[in-house]
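Note sheet for the following structure.
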Amino acid sequence: MKIVILDANTINPGDLSWEAFKQYGNLSVYPRTEKELIVSRIGDAEIVMTSKCLLTAEILAQCTNLRWIGILATGINMVDLSYASSHGITVTNIPSYSTDSVAQFTFSLLLEVVNRVGQHNSVVHHGAWATSKDFCFTLTPQIELAKKTFGVVGFGNIGRKVAKIAEAFGMNVLISSRYPNASFETSQIHFASIDDLYKESDIISLHCPLTEESKHMICQNSIAKMKSGVIIINTSRGPLIDEEALAKGLTSGYIYGAGLDVLSVEPPENNPLIGLSNCIITPHIAWITKEARERLIQIAIDNLDSYLLGNPINCVNVPMESK
């Protein structure tokens, strides 16, 4: 059996191993694969894994031996599921591998917005403290999080973890979800409508999937409902935010700051947020701790093993009878 990994580098730049997959067949691992090489690299393989390479219907139609596609991520938009299902191809993903890492990174972004540790560290190393007339100095306001209201949009695994961390910081937490769970509430954590969350929150953190309904949920209209001085954090999906509207809010000062690990187009092209001093942007790395990537690879192994044993897990489609 032939197994192909199309874009291995981001998942495993060399600090982990793909060795376990060799027990299932002849393994080919490519660090990156350009679009024009996808078909030739898959060839007559039965098993293919991809993180960000798009497997469209046009591409899949040329790979007639495929039986299983392992998406090396939680998001499933890179595979034409309809085509895969109608041609008996099982598709799996990797759920819940990065919860702790993304929740941790959410607060890395928030703390950078409110304390600017990196900025202060940089100027100290360039001599600013040594030449200061006072024993300390600040370049930006220092903001205490305790007693602030922290709005969590979404109630999945990451949203729940983030809510609990915000509670530990001493913040009051509002959660917007279609499926509120009263048993999760505490004296500091409560469910609220999205409009009330916009109105009351000092910080808004996005942890919901990207759908037609949620696309551009942060826009001119929703920003107008928010407090002046609000902070917006996004470690979920870039298109949840209308970036022109966010840039306008940041430039005017109505939005105090933003911390973003995702953008609408990645890598960015002519993005209005690039260069704004009150917008912290990182290159989609909230998920990328070694621990999270170890879990990802192990889940991928379990997915393939279960499929080959006839009991597939973490399936994101319902394939017709195998060809």
Side-chain angles (χ1 to χ4, degrees), residues 98-119 140-177 189 192 194 197-210 214-219 222-223 225-243 245-247 249-250 253-264 266 268 271 273-274 276-289:
S98 63
T99 298
D100 290 335
S101 294
V102 176
Q104 174 182 308
F105 201 85
T106 296
F107 287 89
S108 296
L109 289 171
L110 176 58
L111 290 170
E112 185 62 22
V113 171
V114 300
N115 294 125
R116 295 299 181 115
V117 170
Q119 185 176 348
T140 62
Q142 298 295 292
I143 299 171
E144 184 174 274
L145 294 176
K147 306 302 182 184
K148 297 289 191 298
T149 297
F150 187 98
V152 180
V153 181
F155 190 53
N157 291 328
I158 296 173
R160 295 177 190 216
K161 188 81 174 185
V162 165
K164 286 297 185 182
I165 296 173
E167 180 184 38
F169 268 98
M171 290 187 273
N172 298 308
V173 181
L174 296 178
I175 303 172
S176 173
S177 172
I189 299 176
I194 189 65
L197 184 148
Y198 288 149
K199 179 181 177 182
E200 301 295 334
S201 297
D202 300 292
I203 300 124
I204 296 172
S205 192
L206 305 181
H207 302 285
C208 57
L210 176 63
S214 65
K215 183 178 180 180
H216 286 185
M217 63 179 299
I218 303 300
C219 61
S222 60
I223 290 171
K225 299 174 183 178
M226 300 175 192
K227 289 183 177 181
S228 177
V230 68
I231 294 169
I232 295 174
I233 306 294
N234 188 11
T235 55
S236 188
R237 291 290 182 264
L240 294 173
I241 295 177
D242 178 340
E243 291 165 340
L246 178 60
L250 288 165
Y254 187 82
I255 298 172
Y256 177 80
L260 311 174
D261 186 50
V262 288
L263 295 174
S264 59
E266 298 172 351
N271 192 294
L273 299 169
I274 299 294
L276 298 185
S277 62
N278 54 347
C279 188
I280 305 297
I281 303 174
T282 51
H284 205 144
I285 56 172
W287 64 280
I288 212 166
T289 61

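Each residue takes its place number in the sequence, starting with 1.
- Here the CD1-CD1 distance, from I232 to I241, works out to 6.0 Å after rounding to the nearest 0.5 Å.
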side-chain contact (heavy atoms from CB on, under 4.5 Å), that's the test. Do L145 and V114 meet it? Break it down for me. CA-CA 8 Å; L145 294 176; V114 300; 4.1 Å; yes
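- At least one side-chain heavy atom of I203 sits under 4.5 Å from a side-chain heavy atom of M171.
- Residues satisfying the ring-ring contact (aromatic ring centres under 6.0 Å, His included) criterion with F155, sequence neighbours excluded, are F184, F191.
- Nearest heavy atoms, A163 versus V173: O-CG2, 3.7 Å.
- Between F107 and I233, the closest side-chain pair of non-hydrogen atoms is not below 4.5 Å.
- Side-chain contact check for H284 versus E266: some heavy-atom pair is nearer than 4.5 Å.
- Of the possible polar contacts, one joining the E243 side chain to the S264 backbone as a donor-acceptor pair under 3.5 Å is found.
- Within the model, atoms CD of Q104 and CD1 of I165 stand 8.0 Å from one another, a figure rounded to the nearest 0.5 Å.
- Summarising the geometry, atom CG belonging to L174 is positioned 10.0 Å from atom CD1 belonging to I189; distances are rounded to the nearest 0.5 Å.
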Show the numbers, then the answer: is there a side-chain contact (heavy atoms from CB on, under 4.5 Å) between S101 and W287? CA-CA 6 Å; S101 294; W287 64 280; 5.7 Å; no
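- The two residues L263 and I281 make their nearest non-hydrogen contact at CD1-CG2, 4.1 Å.
- Between the side chains of S205 and H207, at least one donor-acceptor pair of N or O atoms lies under 3.5 Å.
- Between P268 and I274, the shortest heavy-atom contact is CG-CD1, 4.3 Å.
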Applying ring pair (Phe, Tyr, Trp, His ring centres under 6.0 Å) to F169 and F150, what does each step give before you reach the verdict? CA-CA 10 Å; F169 268 98; F150 187 98; 8.8 Å; no
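- At a threshold of 4.5 Å between non-hydrogen side-chain atoms, the residues S228 and Y254 count as touching.
- In terms of heavy-atom proximity, L240 sits nearest to P209 at CD2-O, 3.8 Å.
- Residues C219 and A245 share a closest heavy-atom pair of C-CB, 3.9 Å.
- Enclosure of atom CD in Q142 by more than 12 non-hydrogen atoms of other residues, nucleotides or ligands within 6.0 angstrom is indicated.
- Considering only heavy atoms from C-beta on, M217 comes within 4.5 Å of V153 through its side chain.
- The shortest distance between side-chain heavy atoms of N157 and K161 does not fall below 4.5 Å.
- For K227, the NZ atom counts as densely surrounded, since its 6.0 Å shell holds more than 12 non-hydrogen atoms of other residues, nucleotides or ligands.
- When the options L206, L109, L246 are evaluated for a side chain to side chain contact (heavy atoms under 4.5 Å, CB included) with L260, the one that passes is L246.
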In sequence, state the C-alpha distance, the side-chain angles, and the governing distance for D261 and T282, and then conclude on side chain to side chain donor-acceptor pair (under 3.5 Å). CA-CA 5 Å; D261 186 50; T282 51; 2.7 Å; yes
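- Between atom SG of residue C279 and atom CG of residue L273 there is a gap of 4.5 Å, rounded to the nearest 0.5 Å.
- In this model, a donor atom of one side chain and an acceptor atom of the other lie less than 3.5 Å apart for T106 and T235.
- Legend: residues meeting ring-ring contact (aromatic ring centres under 6.0 Å, His included) with F105, ordered by chain and number and at least two apart, are absent.
- From L110, atom CG reaches atom NZ of K148 across 10.5 Å, with rounding to the nearest 0.5 Å.
- A donor atom on one side chain and an acceptor atom on the other are not found under 3.5 Å apart for T149 and E200.
- Between Y256 and V113 there is a side-chain heavy-atom pair separated by less than 4.5 Å.
- The shortest non-hydrogen separation linking I158 to A103 is CG2-N, 4.4 Å.
- L197 places a side-chain heavy atom less than 4.5 Å from the side chain of I204.
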side-chain contact (heavy atoms from CB on, under 4.5 Å) assessment of I280 paired with R116: CA-CA 10 Å; I280 305 297; R116 295 299 181 115; 3.9 Å; yes
